[in-house]
Amino acid sequence: MNGAIYLDYAATTPVDPAVAAQMARCLSAAGDFANPSASHAPGRDAAQRIERDRAQVAALVGAGAAQIVFTSGATESNNLAILGAARAARSAARHVVTARTEHKSVLDPCRRLEREGCQVTWLSPGADGVVTVQMVADALRRETLLVSLMHANNETGVLQDIGAIAALCRERGVLLHSDCVQSVGRVAVDAVRLDVDFASFTAHKLYGPKGVGALYVRGGARSHLQPLMFGGGQEGELRPGTLPTHQIAGFALACKLAHEALAGEGPRLAALGEMLWRQLAALGGVHLNGAGAQRVPGIVNVSFEDVDGESLLARLPRLAVSTGAACDADSADASYVLRALGRGSRLAGSSLRFSLGRFTTAEEVEQAAGDVIAAVRALRGRSPRLGPRETPPRVVASPDRPAGSGHARVLIGEAGGPEAEVWVRFQVEVDGDTVKAARAQVLGCPHTMDVADWLCGILKGRRAAIPGTPADWAHERAVPVEKLGRLLVIEDALRACLID
Ligand SMILES: *Cc1c(COP(=O)(O)O)cnc(C)c1O
């Protein structure tokens, strides 16, 4: 993997080699490639194969084969459970309870229902990420039809007490759906014992292929679901379409392997995660998100004080980790989960999610920790709060001092702040009207740091005046337009420094 250290297993996993081999066999003429709906012998073989595979998938969540509906993945499973339950509900049942920290594939269908006139209660978990039974109890109404709460959070790994919430829902006659994507395969999940009505999981988070997943439907809960698509009787009329035999064959073997690996992998990943956190914690000024709660092994989400998330990531080229920083489109909103836990946007934005998995070694964790520690130290060394203060305190410029007098003055100008997107401090040494040296301390994105450093270089030897405009700098240093606002902060800091 081109030297990368892959610590993003919560985003997706590589397919286990045995799973890939199984899928390849299934695809070929010698395999169970036929349409399982066909009545000829190859079709019947494929159908039998699917039913064996279905039982294997079901076994991972303690269910029976009849309770598994194959889908294209957990996004579809979540949509089917939420929209399907709302469509099947009696017209008076128009209220859904969920949490702000759910995955987008739960939030978006719930928002859709809201636009269709359904009431939605958006629960905010406590600072530890936990949604308590009491919070759910307080949200339930006579017209509540469904509660949808995830088992383990994909950003923090925080586990919810779904069993207790299920007991409450059962007592109150409300359906319960749980997105179990991040718990299935990481901890033992028994959907029957948890007593949920619907549970979503997906193959590609447990070393199976992308594009196939399942919805567990409790026996007896089928009548509370309507299909979202039409076009064939497959999957008990809940999900039409030719079943992807090779995907399902891969999913089933992945489930079997995950089941077998669970007892050993859980403790191993927990120990590696603990080791990673202990090393990072030694830096000081770091926060383990979800620290007070039960978490699945292998997900470690850490916020770093006094660094910018984007600059941090830019200094970690060989780490494949996920971030709360708003630097790439996919994760632009990743920090909504951390902000829901009460983290300010700066801390939420300077967080890294390390998710460890089957192929993660202790050596990789050591290397990752080393890289992060070095990057955080380097950035903090340049932070206006923590960087070295080798310059004397601010000397007010005195206009009557003659130029070239040999009496250098240090002018200090600052803009932005610790909670703002950018915090810049310039220290410019001038002699008369000429800049002798200039230095910038920056807490901000790589573009901000680059422009500030570049300006320091330009100023040296020149008249002490602001060289050009933010638009010029953006053009010169190829700063994207959406970051222009940050250059205005640089201008403010320079102005505070040079225009006395
Ligand atoms: C990945 C993920 C999903 C989406 O699963 P897909 O199979 O990729 O659609 C849903 N919920 C959670 C918590 C996830 O981590």
Side-chain angles (χ1 to χ4, degrees), residues 6-15 19 57 60-61 68-84 98-112 125 129 131 148-160 162 177-187 189 191 194 196 198-216 228-229 239 241 244 247-248 250-252 254-255 258 289-290 293 295-301 320-324 330-331 333-338 340-341 353-357:
Y6 188 81
L7 296 174
D8 204 15
Y9 284 84
T12 195
T13 60
V15 170
V19 170
V57 170
L60 181 59
V61 294
I68 294 297
V69 175
F70 285 120
T71 64
S72 64
T75 297
E76 186 188 336
S77 301
N78 288 341
N79 273 268
L80 178 56
I82 294 164
L83 299 176
T98 187
R100 295 182 194 285
T101 43
E102 294 292 312
H103 189 264
K104 286 277 158 66
S105 57
V106 165
L107 296 179
D108 285 353
C110 287
R111 277 192 202 113
R112 177 73 222 174
V131 174
S148 180
L149 289 172
M150 69 203 324
H151 194 199
N153 184 270
N154 47 299
E155 292 296 323
T156 59
V158 167
L159 274 163
Q160 304 295 347
I162 293 298
H177 164 249
S178 188
D179 176 342
C180 294
V181 168
Q182 296 292 345
S183 56
V184 170
R186 283 189 184 270
V187 294
V189 175
L194 280 177
V196 295
F198 314 115
S200 307
F201 55 111
T202 191
H204 77 97
K205 306 273 172 101
L206 36 93
Y207 313 94
K210 295 165 186 60
V212 64
L215 181 67
Y216 159 85
L228 304 183
M229 290 186 283
R239 208 283 186 172
Q247 297 285 82
I248 289 170
F251 188 12
C255 287
N289 293 304
R295 291 179 299 120
V296 289
I299 297 183
V300 178
N301 189 313
V321 295
S322 136
T323 170
D330 279 351
S331 64
D333 266 347
S335 62
Y336 73 86
V337 170
L338 301 183
L341 308 196
R353 177 191 69 185
F354 306 87
S355 49
L356 288 45

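In this chain, residues are counted from 1 in sequence order. These numbers come from a predicted model, not from an experiment. Atoms within each ligand, like the ligands themselves, are counted from 1 in listed order.
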Which atom pair, heavy atoms only, marks the closest approach of Tyr207 to Gly357?
OH-CA, 3.3 Å
Just one of Thr156, Thr323, Asp8, Asn154 clears the side chain to side chain donor-acceptor pair (under 3.5 Å) bar with Arg353, so which one?
Asp8
Under 4.0 Å from ligand 1, residues with heavy atoms, in chain and number order, are Gly73, Ala74, Thr75, Asn78, His103, Ser105, Met150, Asn154, Asp179, Val181, Gln182, Thr202, His204, Lys205
Is a donor from one side chain sitting under 3.5 angstrom from an acceptor on the other, for [X] and [Y]?
X	Y	answer
Ser77	Thr71	yes
Asp179	Ser200	no
Ser72	Glu76	yes

My understanding is that only one of Lys104, Arg111, Arg112 makes a salt bridge (charged side-chain N to carboxylate O under 4.0 Å, His left out) with Asp108; could you say which?
Arg111
